[in-house]
Every structure is written in C-alpha cells, then in structure tokens.
Amino acid sequence: MSFALVDGNNFYVSCERVFNPRLEGRPVVVLSNNDGCAVSRSNEAKALGVKMGAPWFQMKDLARKHGILALSSNYALYGDMSQRMMSVLGQFSPEQEIYSIDECFLGMDGFSHFDLVAHAQAMRHQVRQWIGIPVCVGLAETKTLAKLANHVAKKGLIPESDGVCDFGRLSATERTTLFESIPVGEIWGVGPQLTKQLTHRGIGTVESLRRADPKVLRREFSVTMERIIAELNGEACVDMEEVTPVRQQILSSRSFGSYVSDLASLSEAVASYVAIAAAKLRRQESLAGRLQVFIRTSPFRQDLPQHAQAVTIPLPTPSDDTLLLTRAALWGLRRIYRPEFEYQKAGVMLMHLLPATVGQPDLFHAVRNNDALMQVVDRINATWGRGTLKSAAEGIGKPWGMKRERMSPRWTTNWTEIPVAK
DNA sequence: TCTGGGGTCCTAGGACCC
DNA sequence: TCTGGGGTCCTAGGACCC
C-alpha cells in the first residue's frame with residue numbers, strides 16, 4: 001500500500017493571508033470561538049512562543065510588544081477554502097479521504113511507475129497557484145507513516161526536501177537514524193498521556209516504539225497501540241475511508257459571549273443548538289433516538305460556585321423534527337437548570353442515531369411530525385443562509401451569543417462581502 | 001473580564017439473560 | 001476453602017484526533 005497525506009500549513013492563517021496580503025511575513029494568530037484561544041498560528045507567531053490553544057487574554061502583553069495580529073475565526077471562509085483545496089487535490093488520485101478541514105489522504109496504489117516526489121510537488125504547486133494555500137506532503141506505505149512523513153516535510157528535518165517527504169526513498173539505516181531523532185509523541189495516536197507512560201518505560205523515540213514488542217504493549221495498553229506499532233513497521237492496518245461514514249452522534253454546543261443565568265436566555269441558546277444539530281441530522285438522513293442537554297459554569301472560575309449537569313431524554317419515537325426535539329430539549333433544560341449559577345456553556349447532543357429509512361413511525365407520526373415543514377426550512381436556509389427561517393424559541397437578538405470582535409469578511413461565500421479591486 | 005468545538009475508539013463494570 | 005458458564009447491552013470514563 002501507499003499513501004500520501006497532504007496538509008495545509010497553518011491553515012486558518014493561510015486562508016486569511018490569501019485575501020489580506022498585509023498579513024504576509026507578520027506574526028498572525030486565529031482565535032477560537034468567543035476569541036478565546038489561539039488555534040492557528042503563523043510561523044512568526046510560533047517563533048514568538050505562542051502555543052497552540054493558549055488563552056488569548058493571557059497573551060495580550062506579548063501581542064502588544066511584538067505586534068501580533070489576532071483574528072476571530074471565520075469558518076464560512078475556511079470551510080469554503082477547504083472545499084476548493086480538496087477538489088484540486090482530488091484530481092491527483094482516484095482515492096481521496098478528507099480527514100479534516102485542512103488535510104486529506106490520497107491513495108497512491110498503482111502510482112509505482114510515477115515519480116511520487118514529482119507528483120507531490122505538482123500538488124503543492126497547483127494548490128498554491130489555484131487556491132493560494134501552502135501545503136506539505138508526506139508519502140509512505142501506511143497512514144501512520146504518511147502522517148509522520150508529513151511532519152518531517154513540514155519541519156524540514158531532511159535538508160532540501162522542499163515540503164515533500166517520501167519515506168520510500170530512505171534506506172533502512174536512514175530511516176532508523178531519522179526515527180531515532182523524532183520524539184514518540186509526534187506519532188499519530190500517541191498523545192500526552194501515552195507519551196508519559198511510554199517514556200517511563202524507556203520508549204521515548206519513534207524508533208524505540210517501532211522496535212517494541214507489540215504483544216507486550218497490547219497487554220499493557222490496548223489494541224490501538226499494537227496497531228500503531230504494526231503501522232510503524234510498514235504493515236497497513238488502517239485503510240482509506242472514501243465515503244464519510246454517517247455520524248453516530250451529533251453535538252452542538254457553544255460558550256456564551258458572557259455568563260448567562262436566566263432560563264429565558266438559556267432556552268434560546270438550547271433551542272438554537274437543537275436547530276443546528278437537527279439540520280445536520282437531516283442532512284445525513286438519520287433519526288435521533290435520544291437527546292442530551294447539558295449546561296455548565298466555567299471550570300476555570302473556581303472562585304465562582306460550580307454547576308455542571310446533563311440530562312438524557314429518550315424520545316418516544318426516533319425523530320428529526322426540530323420542533324419536537326426543541327420541546328424535548330427545553331423540557332430537559334428546565335429539569336437541570338438552577339437559577340443561582342452563572343452558566344458559561346450549554347449544548348445539545350443527538351444520540352442513538354439510525355437511518356431515516358428504518359425508523360418505525362408510530363400511529364400518530366403523520367399528525368405530529370413536521371416532515372414537510374422541515375424540508376421547506378432546510379431548503380430556504382440552504383439558499384438564503386443559516387437562520388433565515390427559525391423557530392421563535394431561538395430568540396431574536398441572541399445577546400448571549402458568541403464574541404467575534406476581529407472577524408474578516410466572508411470573502412468567498414457572501415455577495416456583499418466579496419473583495420473589490422479598485 | 002477573558003480559557004473552542006466536534007468527533008471517534010477502547011475498556012471496565014454492572015445489569016440482565018438463559 | 002468451596003458458590004456455573006457464557007453471553008449481550010448499556011454507561012461512564014479516559015484517551016486520542018484536528
């Protein structure tokens with residue numbers, strides 16, 4: 001088997017730079033919702049020590065001192081740029097798995113007569129020219145190794161690699177030397193906890209994990225660890241997933257722009273999250289058997305009284321009806337709500353999903369379910385934008401809504417915000 | 001003042017079945 | 001001292017990913 005992993009460099013920042021060249025060469029970060037944490041950083045920002053996920057309010061001094069520019073996240077822009085990038089990359093292989101907003105795997109089986117490195121350079125060039133996003137490419141015989149090769153390409157660990165790394169071109173000893181220099185935590189699937197436990201056992205590098213006994217580590221950790229070791233040794237255990245599998249749960253939650261303690265605002269928020277989740281549910285043609293509502297205060301504010309609670313509501317029959325789901329959610333919210341707390345976040349999770357075609361309607365389905373209405377709502381919102389048609393329970397002004405003070409325009413998805421050349 | 005959102009997989013343990 | 005064997009389903013919690 002042979003895989004390529006293509007990954008956009010500092011993806012959100014790169015999207016912003018496409019439409020605002022003044023960001024080029026400067027330290028830039030893109031913040032999470034509510035302008036909370038740094039989730040994408042330009043190389044210049046990384047060099048200044050801005051860590052992934054660092055709370056922005058703690059970095060204000062650093063930002064002032066070095067002129068770091070911060071932007072609110074603009075998912076309309078990133079989502080659209082992602083689709084464009086993926087469609088260009090999809091032309092370089094018959095098999096493509098879109099793994100996240102900024103990366104995809106390409107199946108490279110049958111490309112053995114190609115110069116893979118030249119092929120990868122062609123991808124980089126094409127994406128850069130047509131979309132404006134810089135990407136790196138990793139090539140290897142398993143997905144785990146392709147991810148690792150991508151890391152090597154991005155960090156420039158092999159001189160003159162120029163954004164592409166093909167493990168197939170390394171001799172056995174070159175591989176060993178390289179793997180001995182990479183910490184075990186860089187491996188796909190090895191997070192902070194496993195890094196700590198592995199290092200404790202004297203397994204601190206990629207090479208030492210590759211040579212570890214898979215049976216022993218399976219007993220001490222889990223099958224996942226055994227698979228990782230096999231993949232590091234070139235035995236492919238994880239195949240391409242070309243059709244995105246339907247979700248098994250759908251979650252919609254947000255932090256509030258400021259703390260909320262009244263039931264009316266919480267109800268509006270919960271109703272809004274139900275609408276988002278239910279629309280996703282209908283798009284994948286599923287029904288939900290259960291719905292969970294949760295609310296919580298800020299865990300970072302231990303100086304304030306804490307409350308976090310969830311309630312799961314089994315639905316009488318599986319449903320995808322926003323109005324019915326909203327009623328269930330608000331019923332649940334009233335059960336867990338306590339007026340004396342300052343809530344920071346609420347959310348709704350749809351669970352026990354099953355395909356709409358096998359859902360068993362009960363005798364009163366036709367009178368109670370709003371199938372036709374939902375279709376109209378989805379169609380109108382698809383044409384005119386999310387939230388054009390909504391339930392009154394969602395509220396109008398949404399004063400509890402997200403803080404986004406530094407948002408760039410939706411350059412590519414909204415006629416009124418399209419860039420103008422003067 | 002201010003700390004993201006949305007997922008998956010795996011394991012353990014309890015309830016329950018015959 | 002010793003109390004069957006084999007299975008499913010569900011939930012909670014932990015770890016990981018981007």
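Each chain gets a letter, A, B and so on, in the order its sequence line appears, and its residues count up from 1.
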What integer distance in Å separates [X]:[atom1] from [N]:[atom2]?
X: A/F300; N: B/dC2; atom1: CZ; atom2: C1'; answer: 11 Å
X: A/K51; N: B/dG4; atom1: NZ; atom2: P; answer: 19 Å
X: A/Y12; N: B/dG4; atom1: OH; atom2: P; answer: 14 Å
X: A/E342; N: B/dC2; atom1: CD; atom2: C1'; answer: 14 Å
X: A/L31; N: B/dT3; atom1: CG; atom2: C1'; answer: 11 Å
X: A/N33; N: B/dC2; atom1: CG; atom2: P; answer: 17 Å
X: A/F294; N: B/dG4; atom1: CZ; atom2: C1'; answer: 12 Å
X: A/R404; N: B/dG4; atom1: CZ; atom2: C1'; answer: 12 Å

Contact list for DNA chain C against residues 73-93 of chain A - heavy-atom distance below 4.0 Å
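Correct list: empty, so none.
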
Counting only non-hydrogen atoms, which of residues 213-248 of chain A are less than 4.0 Å from DNA chain C?
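Result for residues 213-248 of chain A: none.
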
Under 4.0 Å between a side-chain N/O of [X] and OP1 or OP2 of [N], yes or no?
X: A/K345; N: B/dG6; value: no
X: A/R301; N: B/dT1; value: no
X: A/K147; N: C/dC18; value: yes

Closer than 4.0 angstrom, basic N to acidic O: yes or no for A/R175 and A/E141?
yes

Do A/R301 and A/E342 sit within salt-bridge range, that is, some charged N less than 4.0 Å from a carboxylate O?
no

With sugar-phosphate meaning primed atoms plus P, OP1 and OP2, does [X] contact a base, only sugar-phosphate, or nothing at under 4.0 Å between heavy atoms?
X: A/I250; answer: sugar-phosphate
X: A/Y259; answer: sugar-phosphate
X: A/S252; answer: sugar-phosphate
X: A/E103; answer: sugar-phosphate
X: A/D35; answer: nothing

Test item: side-chain donor near acceptor, [X] and [Y], under 3.5 Å:
X: A/E44; Y: A/S42; result: yes
X: A/T144; Y: A/T142; result: no
X: A/D80; Y: A/T413; result: no

Proximity of A/F179 and A/F167 rings by center, below 6.0 Å:
yes

Does the separation of the ring centres of A/W188 and A/F3 fall below 6.0 angstrom?
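Judged by ring-centre distance (under 6.0 Å), A/W188 and A/F3 do not meet the cut-off.
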
Using side chain to side chain donor-acceptor pair (under 3.5 Å) as the criterion, point out the one residue from A/K46, A/K154, A/E16, A/R17 that pairs with A/N10.
A/K46

Could you tell me how the ring of A/F256 sits relative to the ring of A/Y273: parallel (under 30°), tilted (30 to 60°) or perpendicular (over 60°)?
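The arrangement is parallel - the two ring planes meet at less than 30°.
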
Can you classify the ring geometry of A/Y337 versus A/Y343 as parallel (below 30°), tilted (30 to 60°) or perpendicular (above 60°)?
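Ring orientation of A/Y337 relative to A/Y343: tilted.
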
Pairing string of DNA chain B (Watson-Crick or G-U wobble, both atom distances under 3.5 Å; | = paired to other strand) is ....||||||||||||||

Establish, yes or no, whether the cationic atom of A/R335 lies under 6.0 Å from the six-membered ring centre of A/W331 and within 45° of the ring axis.
yes

Between A/I276 and A/G53, just flag the one whose closest nucleotide in DNA chain B comes earlier from the 5' side.
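Looking at the nearest nucleotide for each, A/G53 comes out on the 5' side.
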
Pick the closest DNA chain B nucleotide for A/K280 and for A/C37 by heavy atoms, then say which residue is nearer the 5' end.
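With A/K280 and A/C37 compared, the 5'-side residue is A/C37.
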
Contact summary for A/I131 and A/M81, nearest pair of heavy atoms
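It is O-CE, 3.6 Å.
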
List in chain and number order the residues that pass salt bridge (charged side-chain N to carboxylate O under 4.0 Å, His left out) with A/D378, two or more places apart in sequence or in another chain; answer none if no residue qualifies.
A/R282

Pairwise N/O distances under 3.5 Å, protein to nucleotides 9-16 of chain C:
from, atom 1, to, atom 2, distance (Å)
C/dT11, OP1, A/R290, NH1, 2.7
C/dC16, OP1, A/G191, N, 3.1
C/dC16, OP1, A/G191, O, 3.1
C/dC16, OP1, A/Q193, N, 3.2
C/dC16, OP1, A/L194, N, 2.7
C/dC16, OP2, A/Q193, N, 3.3

Given B/dT3, B/dG7, B/dG4, identify the nucleotide with an atom nearest to the side chain of A/F57.
B/dT3

Set of residues satisfying side chain to side chain donor-acceptor pair (under 3.5 Å) with respect to A/R22, sequence neighbours excluded
none

